[in-house]
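Reading through the structure tokens given below for one structure.
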Amino acid sequence: RDCLRGVSAGAVGCFWIICFRGDVLYSRSEGATQDVSASRCVEPHSGSDRPPGRCASDPIRQSLNRDEGRVIVVTGGSGFVGSHLVRLLLARGEKVRIADRREPPCDIALSADFVSVDICDDATLRTVFCDAVVVYHLAANPQLWAHRRGEFQRVNYWGTVHVLQAALRHRVRRIVHVSTESILTRRGLEDVITENQDVSRREVIGPYCLSKWRAERYVWLLARAGAPVTIVNPTLPIGPGDWLRTPPTQMILDICLGK
């Protein structure tokens, strides 16, 4: 497989199995390795709920070329996928600010700025996006269940609303919203999932998927209004550094242990 050393954004509506091997990112989609450094952006439109996005070139690289020295913000940058993204951005020489509740891993803590935030609290987000040119929004609760009713809605939906509103108030040039392919399937579906899959609210499976479905619908509304947003739908992130054991990692461990 080819080595992918960039992950600036991805094709709207596409989804990947993302595997981390050290500092190298691999992405497999429909049986072939995909270069996710080449992005397509959501364009304002008047079509269906999930229209194909398209952009002739990489809008994030263009933004960075025009704004050297500006900051890239990664919400959830202390987490599993977020920390790998931060490492890639730092390797490019970018100035990165991590916005998370937890401190980042030691190997990136000295190279990236860290701001402790609660994405559900507007007050803690007021200064996070100062001087930011690009925002990657990864912060979320990725688990399949939560102790408190409404936790997924609070973090995954309302957290997304707060983050995107705050970023747009600071006039960032590009926002990458990390969704999930889980919202592209429905109960009893046997066909192959495509990026144009249209799933209604009542067909969404479980509270986690419902919260991410609502968040993505909100992002599509912003796109229709002309906001500079990109949506990616990754699936099954696996590899080193998943200390909190997200569902894909836990599933693999359970299989290996014969559970």
Side-chain angles (χ1 to χ4, degrees), residues 1-5 7 10-11 13-36 74-88 100-102 104-108 136-149 151-153 155-157 159 177-195 197 199 203-216 231-259:
R1 293 176 295 179
D2 294 331
C3 167
L4 305 181
R5 300 191 180 278
V7 61
C14 286
F15 45 92
W16 314 289
I17 296 177
I18 299 179
C19 307
F20 299 106
R21 183 182 300 171
D23 289 330
V24 177
L25 171 70
Y26 294 90
S27 171
R28 296 187 63 81
S29 173
E30 298 180 357
T33 301
Q34 302 291 318
D35 186 346
V36 296
V74 181
T75 71
S78 298
F80 174 39
V81 178
S83 62
H84 281 277
L85 171 60
V86 169
R87 291 184 185 95
L88 287 169
D100 206 315
R101 297 176 63 181
R102 298 184 304 272
C106 295
D107 64 311
I108 59 177
Y136 291 90
H137 177 47
L138 288 82
N141 183 340
Q143 303 303 322
L144 298 181
W145 66 279
H147 289 288
R148 293 186 297 174
R149 177 183 290 273
E151 180 68 7
F152 289 118
Q153 173 81 352
V155 176
N156 297 344
Y157 172 66
H177 170 67
V178 178
S179 184
T180 172
E181 56 78 37
S182 300
I183 65 173
L184 301 178
T185 189
R186 57 171 64 89
R187 299 180 191 277
L189 180 67
E190 297 181 356
D191 296 333
V192 175
I193 298 174
T194 70
E195 63 271 21
Q197 199 83 11
V199 179
E203 294 175 308
V204 177
I205 303 173
Y208 165 75
C209 294
L210 181 58
S211 66
K212 296 293 284 187
W213 180 89
R214 286 170 170 163
E216 183 169 309
I231 298 172
V232 294
N233 296 80
T235 183
L236 201 64
I238 56 176
D242 190 6
W243 311 118
L244 297 179
R245 295 188 181 181
T246 57
T249 296
Q250 188 62 56
M251 177 181 66
I252 292 174
L253 288 174
D254 289 346
I255 292 173
C256 292
L257 295 173
K259 294 184 178 180

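For reference, positions follow the sequence shown, starting with 1.
- The main-chain N or O of P240 is found under 3.5 Å from a side-chain atom of H84 such that the two form a donor-acceptor pair.
- Under the side chain to side chain contact (heavy atoms under 4.5 Å, CB included) criterion, S83 pairs with R87, P105, I108, not counting sequence neighbours.
- Atom CG of L236 sits about 5.0 Å away from atom CD1 of I238, to the nearest 0.5 Å.
- Note that the CD1 atom of I183 and the NZ atom of K212 stand 8.0 Å from one another [nearest 0.5 Å].
- The closest side-chain heavy-atom distance from N141 to Y208 is not below 4.5 Å.
- Formation of a donor-acceptor pair under 3.5 Å by the T75 side chain with backbone atoms of L138 is found in this model.
- Under the 4.5 Å side-chain criterion, counting only non-hydrogen atoms from C-beta, T185 is in contact with I205.
- Residues V204 and V199 meet the side-chain proximity criterion, which asks for heavy atoms closer than 4.5 Å.
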For Y136 and L85: C-alpha separation, side-chain torsions, deciding distance, then whether side chain to side chain contact (heavy atoms under 4.5 Å, CB included) applies. CA-CA 9 Å; Y136 291 90; L85 171 60; 3.6 Å; yes

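- Between V81 and P234 the shortest side-chain heavy-atom distance does not fall below 4.5 Å.
- Residues that satisfy the salt bridge (charged side-chain N to carboxylate O under 4.0 Å, His left out) test with E203, not counting sequence neighbours, are R186.
- D242 pairs by the side chain to side chain contact (heavy atoms under 4.5 Å, CB included) definition with F80, T246, T249, not counting sequence neighbours.
- The CD1 atom of I252 sits 10.0 Å away from the CG atom of D254 when rounded to the nearest 0.5 Å.
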Should H177 and V232 be marked as a side chain to side chain contact (heavy atoms under 4.5 Å, CB included) after you check the CA-CA gap, both sets of side-chain angles, and the distance that decides it? CA-CA 6 Å; H177 170 67; V232 294; over 6 Å; no

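- Y157 and A215 get closest at one heavy-atom pair: CD1-N, 3.6 Å.
- At distances below 3.5 Å, not a single donor-acceptor pair connects side-chain atoms of N156 with backbone N or O atoms of A140.
- Interatomic distance, L184 CG to N233 CG, rounded to the nearest 0.5 Å: 5.0 Å.
- S182 and C209 make their closest contact through CB-SG, 3.4 Å (heavy atoms, listed as atom of the first residue, atom of the second, distance).
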